[in-house]
S.K.: 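My questions will all concern the structure given below.
Order of the sequence lines fixes the chain letters, A, B, ..., with proteins taken first and strands second; residue numbering starts at 1 for each chain.
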Amino acid sequence: MSTSSALLDGMGSMRRSHRCGEIMRARVGDEVVLAGWVHRRRDHGGVIFVDLRDRTGLVQVVFRPESAPDAHARAHLLRSEWVLMVRGEIESRSDDTINPNMPTGTIEVNVRELRILNSASVPPFAIEEEIDVDEQIRLRHRLHDLRRPPLQRVLELRHDLARAVRESLSEQGFLEIETPMLARATPEGARDFLVPSRLQPGDFYALPQSPQIMKQLFMIGGCDRYYQIARCFRDEDLRADRQLEFTQIDLELSFVGVEEILAVLEKVTIDGCRACGVELEAPFRRITYAEAMDRYGSDRPDTRVLLELVDLTDVFRTSGFKAFAGVVGSGGIVKALPIADATALTRGEIDRLEKLVRKELGAKGLGWIRVEDDGSWKSPISKFLGEAEIEAIRERCKVEPGMVIFFQADTKDRANTILSRLREDLGRRLGRVDDRAWDPLLVVDFPLLEMDEKGQLTHVHQPFVAPIEEDLALLDTAPEKVRGTHYDVVLNGTELGSGSLRNHRSDVQRKILRIMGYSDEEMERSFGFLLNALETGAPPHGGFAFGFDRWVMKLAGVDNLRDVIAFPKTQRGQDLLMEAPSPVAPEQLEELALRVRLPPSRS
RNA sequence: GGGCCGGUAGUUCAAUUGGUUAGAGCACUGGCCUGUCACGCCAGAAGUUGCGGGUUCGAGUCCCGUCCGGCCCGCCA
């Protein structure tokens, strides 16, 4: 809608005296000046009500023909989302006009003067607490979405958390130091975002995937304790909890062991949560990686879900049940998820679950046994089971009437992924959870190295993780048994952050890289400057990094990163508001010595 | 790269077995209305059914392709 500019006013010298939601600080009879957006208007022809909105809330302002004829006349023109400034007196409402649903519902502002600061196009959806609008529409009209209370609250939460973290770390002796955004491409880890260099045609910067190496350089540079709330970039496919760019609370400290780092980690987690109204108890419960995988099938379990997995791999190694025995024979595992008192799970639901795990998780199938009231088993697989297997299942799963047991025989990773998903989904659905609102957990004792699909030992986390001291000798004899100093912090089933001690000795770092298959040349090319740096007098050091956005997500109680980031991107990596990415002018490419060649299918 | 779900008015949805002019709520526009707060009443406007092709006398509906949004696997700490 176009509005004649003659209609619009300037602020002049008028300035607001209160924010809308804070109007109760003023007293009845006070003259106030408010500014904000027209949330809703109710035009009775005579008296006109407008709910004026800003970040802090809503307040009803009243235009009366008798007390301000000029303002009243122009108030007829007001529409949703127009921007106003009003001057008037606070009046208390009569008993029968009080609105108990509004924090400011006992008063209203009798407007004497109206300034229309701006008009507005018709909003695409209502600016309300709850809306039911397509994600695409919300993202395209992000400015309207940002005006909604849930997103306003989240932005405030981000601020509160960031501020608390800064205070906590400053008190603990950390310096906030920035690192470059234009960095060097790395062969390791995620795909880099590349930035072409104009001054060095043909060469590229990379946006940092994390400040990992740079913060180690800070330790070597004598900074002692560093932190940063750092933006990180990874050009990988997006998920509900993964964006192309995200924020980490990144820190590193010198002359410490794992325990000192975990103490910092616990303190900053507790301080941050407390600033957002969440109290956590220290010390956090600890669980080893091996136990987490064994009992929960995940290295980031939500331990509030009480169901646990049962390992039956050894039972089926020599079984006559060829499907399971075959999997074990080729290095896979067999695990079960027993659920007591599961009569609520109907046959139809089990069929739906099987379809889900087949389609979404790549399961080969979903074995199950239902234990009837009389103790008999109803199951598509029980006919393949011999005495020994039946006895083992009976004993390890603590079989009882009413129980349903799910089975997976697959590669270790897949079987665990599938059962872990069933464990959390079904555990929540059936109410098999304890009553804790918050479940902070430290996962420790990760292995340093694991075998990849090509049979090459590779790092479990990143290549700079230090082994624990007593396992150093094992690097030469049995590297796959070496324990790392890595740890994860998990909150309610989400990995919030992780860290480790780093290799501060270049000989150890070189040895590990060599075990991971790096030749001397590759080592030099990829990590030469770090290895050289380690030789200049590197102190023992370590640290961790928190996924800041995921932390906010948990505190805000939302399950999607887009709801805690001001301007998020879609699953295809687009910003629908600003329409990025976009083509660029040929001259820009020319300057960078670049030529675009699209794959033929894109024409 | 792959699997699944979705796309009809500004928006949320409907439209019988493939059948005539694609409907409704909210929003919007105009009018009326002096105590509403999801104000009310009257009237009105609003559609390339994501896009392209095919089948058919006839396609929102069936088929193929494609684009877009979402969830997941792979990938990614």
S.K.: Which one, B:C28, B:C68, B:G74, comes nearest to the side chain of A:Val122?
M.R.: B:C28
S.K.: Using whole Å, report how far CG of A:Asp134 lies from C1' of B:C71.
M.R.: 14 Å
S.K.: Atom CG of A:Leu361 to atom C1' of B:G2: distance rounded to whole Å?
M.R.: 14 Å
S.K.: Could you tell me which nucleotide pairs with B:C26 by Watson-Crick or G-U wobble geometry, both distances under 3.5 Å, or answer none if nothing does?
M.R.: B:G10
S.K.: Expressed as a whole number of angstroms, how long is the span from A:Trp82:CH2 to B:C28:C1'?
M.R.: 14 Å
S.K.: Starting at CG of A:Asp563 and ending at C1' of B:G70, how long is that distance when rounded to a whole Å?
M.R.: 12 Å
S.K.: Nearest-Å distance, CG (A:Asp145) to P (B:U11)?
M.R.: 14 Å
S.K.: Using the P atom as the reference point in each nucleotide, state the distance between B:G47 and B:G10 in Å, no decimals.
M.R.: 7 Å
S.K.: Taking NZ, NE, NH1 and NH2 as the nitrogens, is one of them in A:Arg550 or A:Asp241 under 4.0 Å from a carboxylate oxygen of the other?
M.R.: yes
S.K.: Find the distance A:Asp575:CG to B:C68:P and express it as a whole number of Å.
M.R.: 15 Å
S.K.: Want to settle it: does A:His461 or A:Asp237 sit nearer the 5' end of RNA chain B, counting the closest nucleotide to each?
M.R.: A:Asp237
S.K.: Regarding A:Asp235, tell me which of base, sugar-phosphate or nothing describes its non-hydrogen contacts under 4.0 Å with the strands shown.
M.R.: nothing
S.K.: Taking all heavy atoms of A:Asp410 and all of A:Arg414, pick out the closest pair and write down the distance.
M.R.: OD2-NE, 3.2 Å
S.K.: When the C1' atoms of B:A9 and B:A46 are compared, how many Å lie between them, rounded to an integer?
M.R.: 6 Å
S.K.: Both A:Pro65 and A:Glu135 contact RNA chain B. Taking the nearest nucleotide for each, which residue is further toward the 5' end?
M.R.: A:Pro65
S.K.: Can a side chain N or O of A:Arg41 be found less than 4.0 Å away from OP1 or OP2 on B:G40?
M.R.: no
S.K.: So A:Gly497, base contact, sugar-phosphate only, or nothing? Heavy-atom distance under 4.0 Å.
M.R.: nothing
S.K.: Using a 4.0 Å heavy-atom cut-off, does A:Arg421 contact any base of the nucleic acid, only the sugar-phosphate backbone, or nothing at all?
M.R.: sugar-phosphate
S.K.: Students often get this wrong, so: under 4.0 angstrom with heavy atoms, is A:Arg414 touching a base, only sugar-phosphate, or nothing?
M.R.: nothing
S.K.: What I want to check is whether an N or O donor and acceptor connect the side chain of A:Arg239 with the base of B:G74 at under 3.5 Å.
M.R.: yes
S.K.: Quantified in whole Å, what is the C1' atom distance between nucleotide B:C39 and nucleotide B:A22?
M.R.: 32 Å
S.K.: Looking at A:Glu128 and A:Arg40, does any basic side-chain N land under 4.0 Å from a carboxylate oxygen?
M.R.: yes
S.K.: If you measure from the C1' atom in B:U16 to the same atom in B:U12, how many Å do you get, rounded?
M.R.: 22 Å
S.K.: Within this structure, what is the CD1-to-P distance between A:Ile131 and B:A38, rounded to whole angstrom?
M.R.: 18 Å
S.K.: What interatomic distance, in whole Å, is found between P of B:G1 and the corresponding atom of B:U20?
M.R.: 42 Å
S.K.: Using a cut-off of 4.0 Å on non-hydrogen atoms, how would the nucleic acid contact of A:Asp413 be classed: base, sugar-phosphate, or nothing?
M.R.: nothing
S.K.: Taking 4.0 Å as the cut-off, does a side-chain nitrogen or oxygen of A:Arg79 come that near to OP1 or OP2 on B:G30?
M.R.: yes
S.K.: A:Arg234 side chain: which of B:C76, B:C72, B:U12 is closest?
M.R.: B:C76
S.K.: What distance, rounded to whole Å, do you find between the two P atoms, one in B:G35 and one in B:G40?
M.R.: 14 Å
S.K.: Mind running side-chain hydrogen bond (donor to acceptor under 3.5 Å, both in side chains) on A:Ser500 and A:Arg502 for me, showing each step along the way?
M.R.: CA-CA 6 Å; A:Ser500 72; A:Arg502 327 296 182 189; 2.9 Å; yes
S.K.: In whole Å, I'd like the distance from the CG atom of A:Leu238 to the P atom of B:A77.
M.R.: 14 Å
S.K.: Look at the side-chain N and O atoms of A:Gln209 and state whether any lies under 4.0 Å from the OP1 or OP2 oxygen of B:A77.
M.R.: yes
S.K.: Is it the case that the base of B:C75 and the side chain of A:Arg242 share a donor-acceptor contact (distance under 3.5 Å, atom types as modelled)?
M.R.: yes
S.K.: For A:Ile48, which contact category applies under a 4.0 Å heavy-atom criterion: base, sugar-phosphate, or nothing?
M.R.: nothing
S.K.: With both distances kept under 3.5 Å, what pairs with B:C41, Watson-Crick or G-U wobble?
M.R.: B:G31
S.K.: Can you tell me if the side-chain N/O atoms of A:Gln136 get under 4.0 Å from OP1 or OP2 in B:G7?
M.R.: no
S.K.: With a 6.0 Å cut-off on the ring centroids, do A:His44 and A:Phe49 count as close?
M.R.: yes
S.K.: If I pick the C1' atom on B:G6 and the same atom on B:G44, what distance separates them, to the nearest angstrom?
M.R.: 33 Å
S.K.: Quick one: which of B:C76, B:G69, B:C71 gets closest to the side chain of A:Ala190?
M.R.: B:C76
S.K.: Pull out every protein N or O sitting under 3.5 Å from an N or O of nucleotides 35-37 of chain B, one pair per line with the distance.
M.R.:
{"residue": "B:G35", "atom": "O6", "partner": "A:Arg64", "partner atom": "NE", "Å": "2.7"}
{"residue": "B:G35", "atom": "O6", "partner": "A:Arg64", "partner atom": "NH2", "Å": "2.2"}
{"residue": "B:G35", "atom": "N1", "partner": "A:Arg64", "partner atom": "NH2", "Å": "3.4"}
{"residue": "B:G35", "atom": "N1", "partner": "A:Glu108", "partner atom": "OE2", "Å": "2.8"}
{"residue": "B:G35", "atom": "N2", "partner": "A:Glu108", "partner atom": "OE1", "Å": "2.5"}
{"residue": "B:G35", "atom": "N2", "partner": "A:Glu108", "partner atom": "OE2", "Å": "3.0"}
{"residue": "B:U36", "atom": "O4'", "partner": "A:His44", "partner atom": "NE2", "Å": "3.3"}
{"residue": "B:U36", "atom": "O2", "partner": "A:Arg42", "partner atom": "NE", "Å": "2.6"}
{"residue": "B:U36", "atom": "O2", "partner": "A:Arg42", "partner atom": "NH2", "Å": "3.3"}
{"residue": "B:U36", "atom": "O2", "partner": "A:Gln60", "partner atom": "OE1", "Å": "3.3"}
{"residue": "B:U36", "atom": "N3", "partner": "A:Gln60", "partner atom": "OE1", "Å": "2.9"}
{"residue": "B:U36", "atom": "N3", "partner": "A:Gln60", "partner atom": "NE2", "Å": "3.0"}
{"residue": "B:U36", "atom": "O4", "partner": "A:Gln60", "partner atom": "NE2", "Å": "2.8"}
{"residue": "B:U36", "atom": "O4", "partner": "A:Arg93", "partner atom": "NH1", "Å": "3.2"}
{"residue": "B:C37", "atom": "O4'", "partner": "A:Arg42", "partner atom": "NE", "Å": "3.0"}
{"residue": "B:C37", "atom": "O2", "partner": "A:Gln60", "partner atom": "OE1", "Å": "3.3"}
{"residue": "B:C37", "atom": "O2", "partner": "A:Asn99", "partner atom": "ND2", "Å": "3.1"}
{"residue": "B:C37", "atom": "N3", "partner": "A:Arg93", "partner atom": "NH1", "Å": "2.7"}
{"residue": "B:C37", "atom": "N4", "partner": "A:Arg93", "partner atom": "NH1", "Å": "3.3"}
{"residue": "B:C37", "atom": "N4", "partner": "A:Thr97", "partner atom": "O", "Å": "2.3"}

S.K.: What is the ring orientation for A:Tyr226 with A:Phe218, classed by angle as parallel under 30°, tilted 30 to 60°, or perpendicular over 60°?
M.R.: tilted
S.K.: Between A:Arg242 and A:Glu236, does at least one N-O distance fall below 4.0 Å, as a salt bridge requires?
M.R.: no
S.K.: Please report the distance separating the P of B:U8 from the corresponding atom of B:G60, rounded so that it comes out in whole Å.
M.R.: 15 Å
S.K.: So, does A:Arg41 use its side chain to make a donor-acceptor pair with the main chain of A:Arg79 at under 3.5 Å?
M.R.: no
S.K.: Does B:G52 have a Watson-Crick or wobble partner in any strand here, with both distances under 3.5 angstrom, and which is it?
M.R.: B:C64
S.K.: Determine the interplanar angle of the A:Phe546 and A:Trp551 rings, folded into 0 to 90°, and report it as parallel if under 30°, tilted if 30 to 60°, perpendicular if over 60°.
M.R.: parallel
S.K.: Given 3.5 Å as the limit, does a donor-acceptor pair link the side chain of A:Ser298 with the main chain of A:Ser420, or not?
M.R.: no
